[in-house]
Amino acid sequence: EKPAKKGIRIQVKFLLQAAAAVALLLTGYWAGQSLQPENQQSSQQSTQLAEIRQEVKAMQEMLSRNSPSERIKAAAYAQDLEANAELIQTLIRTMHFDDNVNVRMAAIKALLHFRDQPDVRLALIHSLSIQEDPNVQIQLIDGLVDMDEKEAIPQMRDLLKNEQLQQMVRFRLQEGIGRLI
């Protein structure tokens, strides 16, 4: 009787070990399969991120060229890129500080494509106090009104106080404030 019980105990112990090994193998296989798409997805995201960085770098190089037409092309090209912080900051700097009015206007147009970004909205509002060219001012006013940006009203009212403001800009401001209110 004793040897039979011992044999059964050995078989049960062996079966439990075998079941544990199979369970461990299945768990490892399942974990490997579930992590593999994540690794592929992570790899794809890394590749996409590298491509975006390369495109932003190319656009920044174009914006730093001496030719205004090249800088305008760069700003237009930016409209087709994926929004990211570096791209947006580059466009904002261009809008604020480029020497050429047409380049600043192209940067505004590109930024309006990214209007859902909070930094863009704030930069467009802030730019009202920086810009002195009437064409740029009008483009900013029209863009902010189209965005229904009510936070721009105080900045617009401050700009109205400027006695040197051209009449057309003054008219657009009054009209824009009326539409926003």
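Values reported hereafter were calculated over all heavy atoms of this structure, with side chains retained and with hydrogens, waters and symmetry mates removed. Because the structure is predicted, anything quoted here is derived from the model rather than measured.
Here the CD1 atom belonging to Ile138 is positioned 10.5 Å from the CZ atom belonging to Phe171, to the nearest 0.5 angstrom. A distance of 10.5 Å separates CD1 in Ile177 from CD in Gln155, rounded to the nearest 0.5 Å. The CG atom of Asn162 sits 7.0 Å away from atom CZ of Arg170, with the distance rounded to the nearest 0.5 Å. Lys150 NZ to Ile181 CD1: the interatomic distance, rounded to the nearest 0.5 Å, is 9.0 Å.
Val120 and Phe97 fall into different hydrophobic clusters, where Ile, Leu, Val, Met, Phe, Trp and Tyr residues are linked whenever their side-chain heavy atoms come under 4.5 Å apart, directly or through other members. Under the 4.5 Å side-chain heavy-atom criterion for Ile, Leu, Val, Met, Phe, Trp and Tyr, Leu122 and Leu91 are members of distinct hydrophobic clusters. A continuous path of hydrophobic side-chain contacts links Val136 to Met168 [ILVMFWY only; heavy atoms under 4.5 Å]. Clustering ILVMFWY residues whenever any of their side-chain heavy atoms sit less than 4.5 angstrom apart, transitively, puts Ile153 in the very cluster that holds Leu160.
The number of heavy-atom neighbours closer than 6.0 Å to CD of Gln174, taken from other residues, nucleotides and ligands shown, is above 12. For Glu175, the CD atom counts as densely surrounded, since its 6.0 Å shell holds more than 12 non-hydrogen atoms of other residues, nucleotides or ligands.
The shortest non-hydrogen separation linking His96 to Ala123 is CE1-O, 3.7 Å. When every heavy atom of Pro68 is checked against every heavy atom of Val103, the shortest pair comes out as O-CG2, 3.6 Å. Nearest heavy atom pair, residue Val145 against residue Arg179, reads CG1-CZ, 3.4 Å.
You'll find the side chain of Arg157 stays beyond 4.5 Å of the side chain of Lys161, heavy atoms only. At a threshold of 4.5 Å between non-hydrogen side-chain atoms, the residues Leu124 and Leu112 count as touching. Taking 4.5 Å as the limit, every side-chain heavy atom of Ile92 sits out of range of all side-chain heavy atoms of His126. Inter-residue side-chain proximity for Leu128 and Leu144 is flagged as met; some heavy-atom pair is nearer than 4.5 Å.
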Problem set entry | Test log, rule side-chain contact (heavy atoms from CB on, under 4.5 Å), inputs Leu173 and Leu165 | CA-CA 10 Å; Leu173 279 168; Leu165 194 64; 3.5 Å; yes

Exercise. Can you check side-chain contact (heavy atoms from CB on, under 4.5 Å) on Leu140 and Met95, steps first, answer last?
Worked result: CA-CA 10 Å; Leu140 282 167; Met95 171 183 65; 4.2 Å; yes

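Note on residues 109-125: pairs passing side-chain hydrogen bond (donor to acceptor under 3.5 Å, both in side chains), not counting sequence neighbours, are Gln79-His113, Arg121-Glu149. The side-chain hydrogen bond (donor to acceptor under 3.5 Å, both in side chains) pairs that include a residue from residues 131-141 are Arg104-Gln131, Ser127-Gln131, where partners are two or more places apart or lie in different chains.
Checking side-chain atoms of Arg71 against main-chain N and O of Asn102 turns up no donor-acceptor pair under 3.5 Å.
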